[in-house]
Amino acid sequence: MASKGFGFNSSAYLYSDDPVLISDITSSTPAGTAADNQYPPLLPHASDSQPPPDAGTDPFPLELPVIDLENLDPGRLRDACRSLGAFRLSGHGLQRELSVRVREGMRRIMDLPFERKRDELAGPRPGIPLVYFWGTPVPSLDLRRLNWLEGIHLPVANIRALDFGDWCESLGVSSSFGALLEEYGQHMDRIVRTVFDTLVADLKPDEEPSESYLRTADAVIRFNRYPRLPETQNFLGMDPHMDSSALSFVDEDDVGGLQIRHQNAWVNTPPSADTLLVLVGDLMQAFSDDEYRSVEHRVVASGARERCSLCYFAYFRHDFKIRRSRYREFCYLDYRAELLKGIKTTGKKDVLKSFRRLA
Ligand SMILES: O=C(O)CCC(=O)C(=O)O
Ligand SMILES: [Fe+2]
């Protein structure tokens with residue numbers, strides 16, 4: 001799908017599992033150095049603009065609990081997931097240099113001219129390991145609203161399967177970016193599993209924490225870029241939403257703008273160097289039978305500086321059946337189908353609600 005201008009690329013996420021082949025990549029145009037034409041033409045009509053909820057208020061900052069992965073305190077981890085559904089993770093062993101280099105690599109792809117990204121990278125295509133989107137990273141969000149961002153959606157499975165390094169070279173990005181991403185993915189996998197297993201052990205499920213709960217190949221890396229928001233525009237960087245993941249890990253720059261919903265108000269979560277922001281997603285809430293809270297969050301785009309974030313979404317194996325007392329049995333594939341249904345009808349979806357048993 002190649003739409004003109006600022007658009008909604010609803011396929012970006014839904015078809016991320018489709019098998020794709022590297023052989024179709026033929027383009028040899030070098031990657032652009034940063035240039036003005038890299039951005040989507042962000043020219044929405046004023047009438048399209050609705051004030052974001054709570055616009056004009058200045059949310060107070062909330063210092064999130066910092067959980068040290070090196071000296072993991074299961075009680076603190078559990079409390080953070082119960083009360084806020086969010087925390088900062090330190091002591092994670094992910095070298096800052098590695099995450100900076102991964103962000104730089106993503107950035108180089110993002111710096112390609114917009115037309116090229118739209119025509120060659122938007123929508124799932126054979127041979128293309130990632131999907132470029134702009135306007136909103138649907139389907140998690142309300143499609144009727146424009147979001148002030150563009151992004152790259154990369155299923156982890158595609159890094160190896162599609163020889164990401166070779167593909168990068170065809171874009172003019174160093175082929176070593178593939179190896180770098182693999183290394184990043186391995187670190188993230190280690191981090192995810194440690195946090196996940198600790199949370200699951202604390203739930204004392206009937207079954208032992210099992211490898212089959214999580215599947216590395218089902219994880220997704222997403223790079224989001226929120227261009228500077230002109231004063232005349234009134235859009236959110238990303239609309240309020242809950243993640244569908246089990247756990248989401250946000251590796252952000254120092255611009256800030258991510259807010260979480262806490263006690264019926266939006267609160268800022270100021271960036272803190274060398275920590276990852278961890279968010280509990282819908283699947284984890286259901287798996288915990290509502291012990292842990294899938295946290296609503298949004299991103300406010302800055303008028304002063306553009307924000308970039310690198311997110312790692314960890315999923316249960318897609319066919320893993322969640323069986324809990326408050327929910328009827330479902331797996332991620334059921335969740336995704338429900339999400340798609342909601343998007344087609346109302347454009348908005350509280351997916352978990354549709355699996356909750358009536359009291
Ligand atoms: O970009 C961010 O900081 C958060 C992004 C996010 O919430 C998402 O991609 O689901
Ligand atoms: Fe999110």
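Side-chain atoms are counted along with the backbone in the values below, which use heavy atoms only and exclude waters and symmetry mates. We count ligands from 1, going down the list as the structure has it; atoms in each ligand are counted the same way.
Using a 4.5 Å heavy-atom cutoff, the side chains of Leu64 and Ile260 are in contact. Inter-residue side-chain proximity for Val156 and Tyr312 is flagged as met; some heavy-atom pair is nearer than 4.5 Å. Contact check for Leu149 versus Trp134: no side-chain heavy atoms found under the 4.5 Å cut-off. Side-chain contact between Ile221 and Tyr184 is present, with at least one heavy-atom pair separated by less than 4.5 Å.
Compare Glu252, His297, Arg225, Gln259 by their heavy atoms: the one nearest to atom 7 (O) of ligand 1 is in His297.
Residue Phe320 forms a ring-ring contact (aromatic ring centres under 6.0 Å, His included) with just one option from Tyr213, Phe330, Tyr335, and that option is Tyr213.
Taking every heavy atom of Arg307 and a limit of under 4.0 angstrom, the matching atoms of ligand 1 come to 2 (C), 3 (O). Counting atoms of ligand 1 from 1 in the listed order, those under 4.0 Å from a heavy atom of Arg222 are 9 (O). Below 4.0 Å from some heavy atom of Ser309 lie the following atoms of ligand 1, by number and element: 1 (O), 2 (C), 3 (O). Counting the atoms of ligand 1 from 1 in the order shown, those under 4.0 Å from a heavy atom of Tyr226 are 1 (O), 2 (C), 4 (C), 5 (C). Residue contact check: Leu258 has heavy atoms under 4.0 Å from atoms 2 (C), 3 (O), 4 (C) of ligand 1. For ligand 1 and Phe313, the ligand atoms under 4.0 Å from any heavy atom of the residue are 8 (C), 9 (O), 10 (O). Atoms of ligand 1 lying under 4.0 Å from any heavy atom of Val250, numbered from 1 in the order shown and given with element: 3 (O).
The Fe ion (ligand 2) has His241 NE2, Asp243 OD1, His297 NE2 as protein N, O or S atoms under 2.8 Å away.
Salt bridge Lys341/Glu338: present, at least one basic N to carboxylate O contact under 4.0 Å. Under the 4.0 Å criterion applied to side-chain N and carboxylate O atoms, Glu291 and Arg324 are not assigned as salt-bridge partners. By the 4.0 Å N-to-carboxylate-O rule, Arg305 lies close enough to Asp254 to be salt-bridged with it. Arg317 has a carboxylate O that lies under 4.0 Å from a charged side-chain N of Asp319, or vice versa, which qualifies the two as a salt bridge.
With a heavy-atom cut-off of 4.0 Å, Leu279 does not touch ligand 1 at all. The part of Val299 lying near ligand 1 is the side chain, judged by heavy-atom distances below 4.0 Å.
Look at Arg298 and you'll find every heavy atom at least 4.0 Å from all atoms of ligand 1.
No close placement of the Tyr332 and Phe316 rings is indicated, their centers lying 6.0 Å or farther apart.
No more than 12 heavy atoms of other residues, nucleotides or ligands shown are found within 6.0 angstrom of CD on Gln95.
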